[in-house]
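In the text below, chain A, chain B and the rest are named by the order of the sequence lines, each starting its count at 1.
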There are 2 protein chains.
Amino acid sequence: MTRAADTRPGQAATKPLGFVTHDHEQCVDTALAAAQAHCEAEGLRFTPVRRAALEILLREHRAMGAYELLDRLHEAGFGAQPPVAYRALDFLLANGFVHKIERLNAFVACAHPGADHSPAFLICSKCDAVAEAESPRTRGTLGDAARAAGFRIERTVVEALGVCPACAERSGA
Amino acid sequence: MTRAADTRPGQAATKPLGFVTHDHEQCVDTALAAAQAHCEAEGLRFTPVRRAALEILLREHRAMGAYELLDRLHEAGFGAQPPVAYRALDFLLANGFVHKIERLNAFVACAHPGADHSPAFLICSKCDAVAEAESPRTRGTLGDAARAAGFRIERTVVEALGVCPACAERSGA
DNA sequence: ACAGGAAACGTTATATCATGACAAGAGCAG
DNA sequence: CTGCTCTTGTCATGATATAACGTTTCCTGT
């Protein structure tokens, strides 16, 4: 509810992040700064535990379970009980800084900081690696069916299961 | 947009199942018969507990948690422990007779018995009702991105969250 | 018919994921 | 400073899912 609408198809999304290497330090810093700016603009409290949670997810750059995140937060001096992690995640999810991978019951930092988008994920069934891509607007066919049924779509989860390049090479070669 | 489960001719052929009424007795029987035929053709064992699990999901015609299904199976004389339900569900999932709704951690009988398809679901955030639609082939845009990354897609989960007609009317009116 | 093997079933126990409820502290408007 | 709201931390519990193992069932080869 706190995000402005900025729906636009076809941004630079032909290369899903996640299966490539990149300047990670910078990508973490950029995302943290963007989150902080967003919170200041919206009057949200980017508290230490929230910031720490986001930083951990950004640094790991992979889907992480809530309890694993909780361990890291606890190591960093925060509380040790599940609600500590889940509440931070709730905040980050609500503001689009992280996404939940339903298939894995895990969470991943958003790869497109700042952009309001409809994410799609590529999930490797062998190693659970996750890459985020821009969602193809499912508004087309599915949207038609939904309208015909009187169903109002608010959000669409798209998760493609398959084999990532690394695992394909490992088993194929 | 093809539908097989609602076999009544001339009615609501463009609506995704789930938000419409229909001849349920017949739809259950048809689906059970189709499943049985499929198993016989494939040399699979359509055992009593598997059949019972499918029948329960078909009759309920809604997304059901594994433990709720387990209760029903137990009432029907089967074992009372979680693996009883999860193993039946594994079989039914593997053969396309039921689908898992990741978002709800729940299971629903397939609405297109016999058809090899890529389902998409409309999930009401207010009442958890679920309707199954044919998936718009997300192969297009997402498939391109996947290929570019060297990712081989095997299956795609599509779950649209929103408000069903009944809940929209209830809150809107 | 029957022995051997694979698959399925039921059980106990445990692992994993998530939330309810409540008290104490932090930040802000009046 | 006071009252209010939001946030944090805690304990406790609920909800979802799987591991491991012995027994039964079914199929197959003889």
statement: Rounded to the nearest 0.5 angstrom, the CD-NE2 distance for A:Q81 and A:H74 is 8.5 Å
- request: Nearest whole angstrom, please: distance from the C1' of D:dT7 to the CZ of A:R51.
  value: 18 Å
task: Kindly say whether, by distance alone, the side chain of A:Y67 makes a donor-acceptor pair under 3.5 Å with the base of C:dA15?
output: no
message: Does C:dC9 have OP1 or OP2 under 4.0 Å away from a side-chain N or O of B:T47?
response: yes
message: If I take atom CE from residue B:M64 and atom CG from residue B:L104, how far apart are they, to the nearest 0.5 angstrom?
response: 13.5 Å
message: Measure CG/A:D90 against P/D:dC6 and give the value in whole Å, please.
response: 15 Å
task: Take atom CZ of A:R50 and atom C1' of D:dG9, then tell me their distance rounded to the nearest Å.
output: 14 Å
message: Test side chain to side chain contact (heavy atoms under 4.5 Å, CB included) on A:K100 and A:V108; report intermediate values, then the result.
response: CA-CA 6 Å; A:K100 178 169 187 181; A:V108 67; over 6 Å; no
Close side-chain approach of A:K126 and A:R170, heavy atoms under 4.5 Å: no
Tabulate protein N/O versus nucleotide N/O from nucleotides 27-30 of chain C, keeping only pairs under 3.5 Å, one per line.
none

- line: Tightest non-hydrogen contact, residues B:L161 and B:S125, listed as C-OG, 4.5 Å
- request: For B:H38, check side-chain contact (heavy atoms from CB on, under 4.5 Å) against everything at least two apart and list the hits.
  value: B:E42, B:L44, B:N95, B:F97
message: Mind checking if B:F91 touches a base, just sugar-phosphate, or nothing, with heavy atoms under 4.0 Å?
response: nothing
- request: Quick one: closest heavy-atom pair of A:A120 and B:L142, and the distance?
  value: CB-CD1, 3.9 Å
- request: Report yes or no: do B:H99 and B:E132 form a side-chain donor-acceptor pair below 3.5 Å?
  value: yes
Rounded distance (Å) that lies between atom C1' of C:dT11 and atom CG of B:L73: 16 Å
- prompt: Roughly, in whole Å, what's the span from CG in A:L93 to P in C:dA18?
  reply: 10 Å
message: Checking A:R155 against A:V157 for the side chain to side chain contact (heavy atoms under 4.5 Å, CB included) test, could you report, in this order, the C-alpha distance in whole Å, the side-chain angles of both residues, the deciding distance, and whether it holds?
response: CA-CA 7 Å; A:R155 194 163 78 79; A:V157 172; 4.1 Å; yes
message: Tell me which residues in residues 74-88 of chain A lie within less than 4.0 Å of DNA chain D, going by non-hydrogen atoms.
response: A:F78, A:G79, A:A80, A:Q81, A:P83, A:V84, A:R87
- prompt: Does any N or O in the side chain of B:R50 come within less than 3.5 Å of the main-chain N or O of B:R45, such that one atom is a donor and the other an acceptor?
  reply: yes
task: Output yes when a side-chain donor or acceptor of B:E159 lies under 3.5 Å from a complementary backbone atom of B:E102, and no otherwise.
output: yes
message: Just the rounded figure in Å: distance from C1' of C:dC9 to CG of B:L89.
response: 15 Å
- prompt: Using 4.0 Å as the upper bound for N to carboxylate O, is an ion pair formed by A:E25 and A:R59?
  reply: yes
message: Show the nearest heavy-atom pair for residues B:F151 and A:C124, with the distance to one decimal.
response: CE1-N, 3.9 Å
Members of residues 99-109 of chain A that approach DNA chain D, where some heavy atom sits under 4.0 Å away: none
- request: In whole angstrom, give the distance that lies between atom CG of B:L70 and atom P of C:dG10.
  value: 11 Å
query: Please give, in whole Å, the distance from C:dA8 C1' to B:L44 CG?
result: 13 Å
- request: Find the bend of the helix from C:dA1-D:dT30 to C:dG30-D:dC1 as the angle between its two terminal axes (five pairs each), to the nearest 10°.
  value: 30°
- request: Could you pick out which residue, B:V49 or A:A66, lies toward the 5' side of DNA chain C when each is mapped onto its nearest nucleotide?
  value: B:V49
Please output the side-chain donor-acceptor pairs of residues 85-92 of chain A that fall under 3.5 Å, not counting sequence neighbours, one pair per line with the distance.
none

